[in-house]
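Just so it is clear: chains get the letters A, B, ... in the order the sequence lines come, proteins before strands, and each one is counted from 1.
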There are 2 protein chains.
Amino acid sequence: MALFWCFHHKMPGGFTIQTTVLMYRQLRDHIEKISPLTDQEYDLVCAQFEYRKFRKHQYLTQVGEPVKYHYFVLSGLLKLVFTTENGKQHIVSFAAEDWWESDFYAFFTKTMATMSLECIEDTEVLCLSLDGYRYLCATFHKMEHFFLEKANYGFIGAQRRIISSLTSDAKERFEQLQKQYPFLIQRIPKSLIAAYLGVSRETLSRLY
Amino acid sequence: MALFWCFHHKMPGGFTIQTTVLMYRQLRDHIEKISPLTDQEYDLVCAQFEYRKFRKHQYLTQVGEPVKYHYFVLSGLLKLVFTTENGKQHIVSFAAEDWWESDFYAFFTKTMATMSLECIEDTEVLCLSLDGYRYLCATFHKMEHFFLEKANYGFIGAQRRIISSLTSDAKERFEQLQKQYPFLIQRIPKSLIAAYLGVSRETLSRLY
DNA sequence: CCAAATTCGTGACTTACATCAATCTCAAAA
DNA sequence: TTTTGAGATTGATGTAAGTCACGAATTTGG
């Protein structure tokens, strides 16, 4: 039952009983910004998710392995990383609270991951399997609508980033990031910001 | 009635009566690769679209104006262009047959366009208004599913392009484009390819 | 058909950024 | 305390690609 199945999880403050309620509220609030649901509907929605906790530096998915889940981030911070043959890491995106993240191509097509998903901080997520995703979309028109809205805005965001890389130099791209996600600059080592912006950490360091 | 409303359109060969049937089939075939529809359903779907024809160099939407439509390309070729203050044009994407294109942010939020959508060739499109889009999504779960699939793959494609710009130099990006859309290289002036790849036309010219 | 505009290629020079390497700080571990 | 290691900074040098300039080839429109 959705209301009970992560009862054993310990909160930072030592509370246990509140956990599922928090998860419940956070995901529900998030979904209901787009698609309000009845209690019964949300119970069925919630039942498709599995709570998991990861520690800093742990992998949620690794290159070459299947991508079993689409992740909703409850707390913490993730990076989606593409690594080139020469071993250089490039950050495709970050994911903080209330963001969805996965290697989508691998997830949707059931192929092996080409990107790894790793924790920058200790992170709590809700995992949604492909079957669960399909079940939600097929069963609840509202949920398909929700995911469509998310996908549309995800696409728009990705297109913005493409425009940014086409039109702006390193300094401008950094300023745009700083403006859009100021909290990232604080929480993340500069070398990761550089790997996201597509510049070397030395160059980024010289931009101040 | 969906079957009749662009009867007056002239085909290249001089045929007229076939036009609507072709449009009918092309959009229907396209949608039914994802979501099969009954004849009645498709009639209602089709009724939301408006046929239009544009000539090379014409604008479908211009910067600063509202974006009234989401466009489905029947034939021809479009470019979605972002222009910087210094007047340089950057190509956000191309759209050929069976592609969907628009300034999505402006379209969905009813704000003014930040990108222009222009014809590279004479182009036939089917125009879908925001009301039409919402009607289709709200009325037909299948159509919401169709647009979700499109949006997901659109996002994946945009993310691929981001990865390409993070990891590859001009030559590699060109080769990737050539591999993925070989027909574009033939149909489009190299200067536009360059504006898409994010290199100067001189540099692109020297890559061969 | 010719004139005008596009398109493409190439040389000379400049620039933004990468790379390599050496410090420097600071916090956590031993 | 000393040690370690991650992160940030700074300098010297190399290189991919931008910019400016010119001209040839091709396409387009009147």
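- In this structure, A:Leu166 atom CG and D:dG18 atom C1' are separated by 15 Å, rounded to whole Å.
- Applying a 4.0 Å cut-off to non-hydrogen atoms, the residues of residues 167-187 of chain A that approach DNA chain C are A:Asp169, A:Ala170, listed by residue number.
- The shortest distance between side-chain heavy atoms of B:Tyr69 and B:Ser102 does not fall below 4.5 Å.
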| field | Worked verdict on B:His30 versus B:Phe72 for ring pair (Phe, Tyr, Trp, His ring centres under 6.0 Å) | value | CA-CA 10 Å; B:His30 176 73; B:Phe72 175 72; 4.9 Å; yes
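- Side-chain rings of A:Tyr133 and A:Phe147 approach one another, their centers coming within less than 6.0 Å.
- Remark: the A:Tyr51 side chain and the A:Glu124 side chain contain an N/O donor-acceptor pair separated by less than 3.5 Å.
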| query | Between B:His70 and B:Phe49, is a ring pair (Phe, Tyr, Trp, His ring centres under 6.0 Å) present by the stated rule, with each step listed? | reply | CA-CA 10 Å; B:His70 189 180; B:Phe49 288 84; 8.8 Å; no
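- OP1 or OP2 of C:dT6 has not a single side-chain nitrogen or oxygen of B:Lys56 nearer than 4.0 Å.
- Side-chain contact check for B:Phe94 versus B:Ile120: some heavy-atom pair is nearer than 4.5 Å.
- Sorted by residue number, the members of residues 192-207 of chain B with any non-hydrogen atom under 4.0 Å from DNA chain C read B:Arg201, B:Glu202, B:Ser205, B:Arg206.
- A straight line from CD1 of B:Ile188 to C1' of C:dT6 spans 16 Å, rounded to a whole angstrom.
- Counting heavy atoms from C-beta on, the side chains of A:Leu184 and A:Leu77 come closer than 4.5 Å.
- With rounding to whole Å, A:Lys190 atom NZ is found 8 Å from D:dA8 atom C1'.
- Judged by distance alone, the side chains of B:Gln48 and B:Ser129 never bring a donor and an acceptor atom under 3.5 Å apart.
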